[in-house]
Amino acid sequence: MLVYPSGIDVSSSALRFLAQELRRHRRVIGSRWRRLGAGRQALLTLAHLRVGHPYAQLAAGFGVGTTTAYRYVTEAVDLLAALAPALADAVRAASTKAYLLLDGTLLPIDRIAADRPFYSGKHKKHGMNVQVLADPFGWLLWASPALPGAVHDIRAAREHGIVDALAGAGIKCWADKGYRGARGTVRTPCWGRWETLSTGQQSVNRAHAKIRALVEQAMATLKSWRLLRKLRCSTTRITALVQAILTLHLASSD
């Protein structure tokens with residue numbers, strides 16, 4: 001296998017943050033000699049998450065075995081995932097915001113037609129449903145654990161306790177029609193075909209669309225980590241990957 005130098009469009013603060021956490025983790029578990037130092041292990045993990053390179057390619061580039069590359073990445077991802085904010089923490093931090101934006105996204109996975117729980121009828125593909133909260137400027141604040149793609153957005157929001165958490169904190173939230181019936185502080189557009197809506201309802205829906213349009217910026221932030229564009233790992237690992245990426249995003253923005 002040929003090896004060549006390349007670059008990753010990730011801030012150096014993310015690399016320093018992960019390397020620091022790995023060093024702290026190694027001291028806690030009493031780890032001694034490693035084939036890669038904490039900085040190189042952090043770089044290996046960022047390359048996997050940001051670019052989506054498979055373990056065999058990463059192993060060749062970093063001069064380690066494929067199993068070692070997998071073990072290093074898994075260790076770092078689990079460490080980052082444990083540092084991700086819980087929903088209660090995100091809601092508490094957002095209490096000073098005028099409102100929040102809520103939306104769901106489907107992370108594509110490599111499943112076959114027989115895996116019906118993972119098939120999204122809305123997107124016509126297999127994937128995992130992830131709920132996202134963003135501030136009024138489209139800044140990603142929180143991402144939920146992943147659920148099978150067949151789960152509808154409003155059901156996912158209820159299962160994660162998003163609706164109750166926002167209502168308890170009294171935070172208004174703008175969402176699309178997929179959350180119709182959520183109640184609480186969740187605001188959705190007027191239901192019905194555009195031509196059947198009154199002039200007032202059309203004006204409300206236009207204003208609603210302008211407000212929640214910036215949630216797409218939060219989605220783009222999540223999908224900029226190219227590993228999430230086509231996941232080929234076990235579905236049980238996807239939540240940890242999403243939470244790890246959320247931690248890196250928040251850490252690099254501090």
Side-chain angles (χ1 to χ4, degrees), residues 48-50 52 54-55 70 73-74 76-91 100-134 140-167 173-184 186 188 191 212 215-250:
H48 178 65
L49 296 176
R50 190 69 173 188
Y55 296 114
Y70 170 81
V73 170
T74 300
V77 166
D78 289 342
L79 185 62
L80 289 170
L83 298 174
L87 176 60
D89 298 328
V91 171
L100 294 181
L101 305 173
L102 171 64
D103 203 0
T105 187
L106 187 80
L107 303 180
I109 59 176
D110 59 342
R111 288 296 183 270
I112 60 176
D115 296 321
R116 301 303 298 176
F118 301 101
Y119 184 77
S120 170
K122 175 183 177 181
H123 299 276
K124 309 300 181 185
K125 64 177 68 173
H126 292 81
M128 299 293 284
N129 181 304
V130 172
Q131 300 294 299
V132 167
L133 283 175
L140 178 63
L141 299 177
W142 180 78
S144 74
L147 293 175
V151 177
H152 196 273
D153 281 341
I154 187 172
R155 177 185 164 191
R158 286 171 173 161
E159 287 194 18
H160 294 309
I162 300 173
V163 177
D164 292 338
L166 294 175
C173 178
W174 264 251
D176 62 21
K177 293 181 179 179
Y179 298 88
R180 186 170 68 102
R183 303 184 184 277
V186 178
T188 58
W191 183 261
R212 65 171 302 278
V215 76
E216 296 302 328
Q217 181 175 315
M219 294 299 185
T221 298
L222 202 61
K223 296 293 183 69
S224 66
W225 297 82
R226 289 181 280 279
L227 180 70
L228 299 183
R229 298 180 186 178
K230 185 66 174 182
L231 289 157
R232 294 176 173 83
C233 62
S234 169
T235 55
T236 60
R237 292 291 305 163
I238 295 177
T239 291
L241 291 171
V242 172
Q243 298 299 305
I245 288 172
L246 174 64
T247 298
L248 287 171
H249 166 70
L250 296 176

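- A distance of 11.0 Å separates CG of Asp176 from CG of Leu101, quoted to the nearest 0.5 Å.
- Here the CZ atom belonging to Phe118 is positioned 12.5 Å from the CG atom belonging to Leu107, to the nearest 0.5 angstrom.
- Nearest heavy-atom pair, Cys233 versus Leu241, reported as atom, atom and distance to 0.1 Å: SG-CD1, 3.7 Å.
- When all heavy atoms are compared, the tightest approach of Val77 to Ala240 is CG1-O, 3.7 Å.
- Minimum interatomic distance between Val163 and Arg158 (heavy atoms only, all atoms of both residues): CG2-CG, 4.5 Å.
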For this session: Apply the test side chain to side chain contact (heavy atoms under 4.5 Å, CB included) to residues Ile162 and Val186: give CA-CA distance (whole Å), side-chain angles for both, the deciding distance (0.1 Å), then the verdict.
Result: CA-CA 10 Å; Ile162 300 173; Val186 178; over 6 Å; no

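- With hydrogens and angles ignored, the 3.5 Å screen pairs a side-chain donor or acceptor of Arg229 with a backbone N or O of Lys223.
- Summarising the geometry, atom SG belonging to Cys173 is positioned 9.5 Å from atom CZ belonging to Arg212; distances are rounded to the nearest 0.5 Å.
- Other residues, nucleotides and ligands place no more than 12 heavy atoms under 6.0 Å from the NZ atom of Lys125.
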For this session: Show your working on side chain to side chain contact (heavy atoms under 4.5 Å, CB included) between Asp153 and Lys122 and close with a plain yes or no.
Result: CA-CA 10 Å; Asp153 281 341; Lys122 175 183 177 181; 4.0 Å; yes

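- Annotation for Tyr179 and Ile154: closest pair O-CD1, 3.8 Å, computed over non-hydrogen atoms.
- Looking at residues two or more places apart in sequence or on another chain, you find a side-chain contact (heavy atoms from CB on, under 4.5 Å) between Ala143 and Val130, Val242, Leu246.
- With sequence neighbours excluded, the residues forming a side-chain contact (heavy atoms from CB on, under 4.5 Å) with Thr221 are Leu140, His249, listed by chain and number.
- Shortest non-hydrogen contact noted between Leu141 and Ala134 is CD1-C, 4.0 Å.
- In terms of heavy atoms, Gln243 sits closest to Ala84 at OE1-CB, 3.2 Å.
- Shown here are the ring pair (Phe, Tyr, Trp, His ring centres under 6.0 Å) partners of Tyr55, two or more places apart in sequence or in another chain: His48, Tyr70.
- The closest side-chain heavy-atom distance from Ile238 to Ile109 is below 4.5 Å.
- Without hydrogens or angle criteria, Thr247 side chain to Ala81 main chain gives no donor-acceptor distance under 3.5 Å.
- Applying the side chain to side chain donor-acceptor pair (under 3.5 Å) test to Thr188 and every residue at least two apart in sequence or in another chain returns nothing.
- For Ala156, the side-chain contact (heavy atoms from CB on, under 4.5 Å) partners are Asn129, Gln131, Leu147, Val151, His160, not counting sequence neighbours.
- Here CG of Leu49 is found 8.0 Å from CG of Leu228. Values are rounded to the nearest 0.5 Å.
- For the atom pair Leu250 CG and Leu83 CG, the distance stands at 11.0 Å (nearest 0.5 Å).
- The pair Asp78-Arg237 meets the salt-bridge criterion, since a charged nitrogen lies less than 4.0 angstrom from a carboxylate oxygen.
- Applying the side chain to side chain donor-acceptor pair (under 3.5 Å) criterion to Glu159, with sequence neighbours excluded, gives Arg155.
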